[in-house]
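The structure appears right after this line, and notes come after that.
Quick note on labels: first sequence line is chain A, next is B, and so on, each numbered from 1.
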Amino acid sequence: MKTTDFNYKSLKNKVILVTGATSGIGKAVSEQLLNQDAKVFGIGRDITKIDKSLKKNKNFTLISFDLYEINEIENLLNNLVDKNTKFDGFVNCAGREETIPLNLYKSDKIKSLYNLNVFSSIELLRVFSKKKISNNFSSIVFISSVMGELGMPGKVGYCSSKSAILGVVKSSSLELSKRRIRVNAVSPGIVLTPLTEKLFLKISDENISAIKDMHPLGFGKTEDVAPLILFLLSAQSKWVTGQNIKVDGGYSVK
Amino acid sequence: MKKQEFINKLKEELEVEIEVTIDTSIKDLDEWDSLGAMILIAFVSDSFGVTLSADDIKNISTFKSLIERIGLEKFE
């Protein structure tokens with residue numbers, strides 16, 4: 001069974017904002033949304049990385065923007081909407097991974113990670129949740145990580161930043177429920193993406209094998225995670241909010 | 001950065017208690033473990049913008065070999 005064998009009619013013509021759209025999970029989500037005839041505004045820092053087939057799709061608009069420019073996020077979203085076009089969904093895939101031992105983790109380093117993984121996410125959420133930017137019944141999905149609930153040496157920053165997202169999801173889901181806007185998190189295990197490729201370069205083959213063995217179903221692919229995100233964006237999940245759903249090949253229960 | 005300065009700073013980050021020289025074997029230090037390898041990678045990346053790989057860590061023995069892997073031209 002192909003993981004793209006599904007049809008969410010409720011996503012047709014919906015307008016979805018995706019960060020981290022040029023690679024990994026964000027790219028897979030954008031592609032699958034376009035397959036459902038949704039319109040996608042994809043934000044990426046390095047737009048030269050964009051897939052040709054995404055670029056050619058008339059329902060895909062690519063926006064080059066550096067999410068570290070947190071104070072510019074409000075302008076960015078204001079310029080994407082008009083009285084005829086507001087967003088129906090937001091998927092936050094942008095983020096970075098970091099392995100730094102605690103004794104070297106001074107606060108300016110942590111702040112840099114948090115700027116991308118947490119503060120830009122909160123600012124995007126804050127602006128997205130304004131009535132002029134999003135429709136009622138919108139759905140928001142944050143990509144956290146199984147590492148948001150688990151620990152690992154060298155990951156004080158990364159784990160805590162992904163944990164922070166879970167707190168954002170729970171509180172904002174309650175705050176936005178009046179407008180029937182839902183907020184959920186998807187927590188992947190290790191998914192084969194450019195982010196994890198970079199991680200694997202730094203560790204030995206034995207270590208990579210050991211990490212793979214910790215996933216009963218092996219490493220994941222982006223197309224294993226994207227369908228759940230589409231479900232959460234669709235009307236099929238209209239009673240699901242404030243949740244964190246792990247998609248991890250069994251990693252977190254082993 | 002001078003070589004001895006680098007060695008002293010790294011020794012401090014690794015919390016090594018004995019005196020070390022350029023010929024000291026890093027991996028024979030009592031304080032060397034997988035966390036030590038992480039500290040080494042992060043410290044070298046911060047100080048020189050050089051990212052050591054898992055293979056580099058396997059091949060490095062003394063502080064001298066580490067300095068050579070980073071690149072002698074990066075030191076005063």
Could you tell me the separation between the CD1 atom of I100(A) and the OG atom of S45(B), rounded to the nearest 0.5 Å?
-> 7.5 Å
Reported CG-to-CG distance for the pair L102(A) and L35(B), which is rounded to 0.5 angstrom | 9.0 Å
Step through the shown structure and confirm whether more than 12 heavy atoms of other residues, nucleotides or ligands are within 6.0 Å of NZ on K55(A).
-> no
If you draw a 6.0 Å radius around NZ in K56(A), do more than 12 non-hydrogen atoms from other residues or ligands fall strictly inside?
-> no
dist M38(B):CE -> T99(A):OG1 (nearest 0.5 Å) comes out at 7.0 Å
May I ask you to check whether over 12 heavy atoms, not counting those of E5(B), lie within 6.0 Å of atom CD?
-> yes
If every non-hydrogen atom of A42(B) is compared with every non-hydrogen atom of L104(A), which pair is closest and at what distance?
-> CB-CD1, 3.6 Å
Of T51(B), I41(B), D46(B), L52(B), the largest count of non-hydrogen pairs under 4.5 angstrom with chain A goes to D46(B)
